[in-house]
Number of protein chains: 2
Amino acid sequence: MIAENYKNYSLVDDCPVRNVLDRVGDKWSILIISILGECGTLRFNELNNLIGNISQKMLTVTLKTLEADGLVDRKMYPQIPPKVEYSLTPLGESLLPFIESLTHWAKENMPAILVSRAKYKSNN
Amino acid sequence: MIAENYKNYSLVDDCPVRNVLDRVGDKWSILIISILGECGTLRFNELNNLIGNISQKMLTVTLKTLEADGLVDRKMYPQIPPKVEYSLTPLGESLLPFIESLTHWAKENMPAILVSRAKYKSNN
DNA sequence: CGGTATCCGCACGGATACTG
DNA sequence: CAGTATCCGTGCGGATACCG
């Protein structure tokens, strides 16, 4: 009964699945988790440069959210200029297999989806 | 190289993974796919009643998007009053395992996430 | 019954300027 | 270097009314 995992949860905070999807589904979380999964540990500006087209605000916000959820670890070195390092927690790492398999599915089936969209468009 | 699946795609339409996540991440798609995966075939108002708190507009929009992407099949019976049946396509069904495992992960790790959030909150 | 059409609030995310 | 603070446009999704 998959649907039972979603139904009867009026608020987002009540539903585990919606809670996870709200992270997974936002614009930057998955990419950041993926990059940290590859690179291990990165500083703020290293992440910023690797992603390229993210705004500083969204990088900060997304990292904070991931940290709050216990998916990303933040190490601050109290020096000037400051140095902050980000890495995945074990909980964050446990998400990597899902991201990889979803990535694989997406690349595998994207052509079929594009064909379907084109067909749908021409029929309307 | 997971991150290579996201980087260098300036537009959403260019990136397969973002394309999939934009579906998976929206408010209703996963729930609808899950329910159709359980029930097989359902009429519009059956879906509406099963979900309960979805607006008619979003049910229509989500179903159309899923249909356009080739994940959901729509059978229209030209009669009065009209009858429309929705079901998963094979492509849509191929997403079910991912949804199930993600659901499982979410329920499994939600307590840890909630603990982490509480801890993070009290530290700020 | 299975939709459309329209209006609208709000949250997401970008741009820019500033800071310890 | 690693953020904050502020302003602002856009789009998602809800509410309501109407339609074939």
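Below, each value reflects all heavy atoms present in this structure, side chains not excepted, and no hydrogens, waters or symmetry copies. Each chain gets a letter, A, B and so on, in the order the sequences are listed, and its residues count up from 1.
Among the heavy atoms of the strands lying under 4.0 Å from A:Tyr86 are primed sugar atoms or P, OP1, OP2 only; no base atom is included.
For A:Leu21 and D:dG13, the CG to P distance is 13 Å, given to the nearest whole Å. Separating the CZ atom of B:Arg23 from the P atom of D:dG13 is a distance of 11 Å, rounded to the nearest angstrom. The distance between atom CD of A:Glu85 and atom C1' of D:dC1, rounded to the nearest whole Å, is 13 Å. Nucleotide C:dC1 holds its C1' atom 12 Å from the CZ atom of B:Arg74, rounded to whole Å. In this structure, CG of B:Leu59 is placed 18 Å from P of D:dT16, rounded to the nearest angstrom. Atom CD1 in B:Ile80 sits roughly 13 Å away from atom P in C:dG2 (whole-Å rounding). The distance from atom CG of A:Asp22 to atom C1' of D:dC12 is 13 Å, rounded to the nearest whole Å. When rounded to the nearest whole Å, the span between CD of B:Glu46 and P of C:dC1 equals 11 Å.
Side-chain contact, A:Tyr77 with A:Glu85: a donor N or O sits under 3.5 Å from an acceptor N or O.
Under the rule for a side chain to side chain donor-acceptor pair (under 3.5 Å), the partners of A:Trp105 that lie at least two apart in sequence or sit in another chain are B:Ser94. A search for salt bridge (charged side-chain N to carboxylate O under 4.0 Å, His left out) contacts involving B:Glu108 returns nothing, not counting sequence neighbours. A:Asp69 pairs by the salt bridge (charged side-chain N to carboxylate O under 4.0 Å, His left out) definition with A:Arg23, B:Arg117, not counting sequence neighbours.
The shortest heavy-atom contact between A:Ile30 and A:Val24 is CG1-O, 3.2 Å. The minimum heavy-atom distance between A:Thr89 and A:Gly70, with the atom names listed, is OG1-O, 2.6 Å. For A:Ser87 against A:Gly40, the heavy-atom pair with the smallest separation is CB-O, 3.2 Å.
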Per-nucleotide protein contact along nucleotides 4-20 of chain C, 5' to 3', at a 4.0 Å heavy-atom cut-off (B base, S sugar-phosphate only, - neither), is B-BB-----BBB----B
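Annotation: side chain to side chain donor-acceptor pair (under 3.5 Å) contacts involving residues 56-67 of chain A, sequence neighbours excluded, are absent.
Across the helix from C:dC1-D:dG20 to C:dG20-D:dC1, the helix axis at one end is tilted relative to the axis at the other end by 50° (nearest 10 degrees, each axis from five pairs).
The side chain of A:Arg43 places no N or O atom within less than 4.0 Å of a non-bridging phosphate oxygen (OP1 or OP2) of D:dG3.
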Q.
Is there a side-chain contact (heavy atoms from CB on, under 4.5 Å) between A:Leu88 and A:Asp73? Walk through the geometry before answering.
A. CA-CA 6 Å; A:Leu88 291 183; A:Asp73 191 37; over 6 Å; no
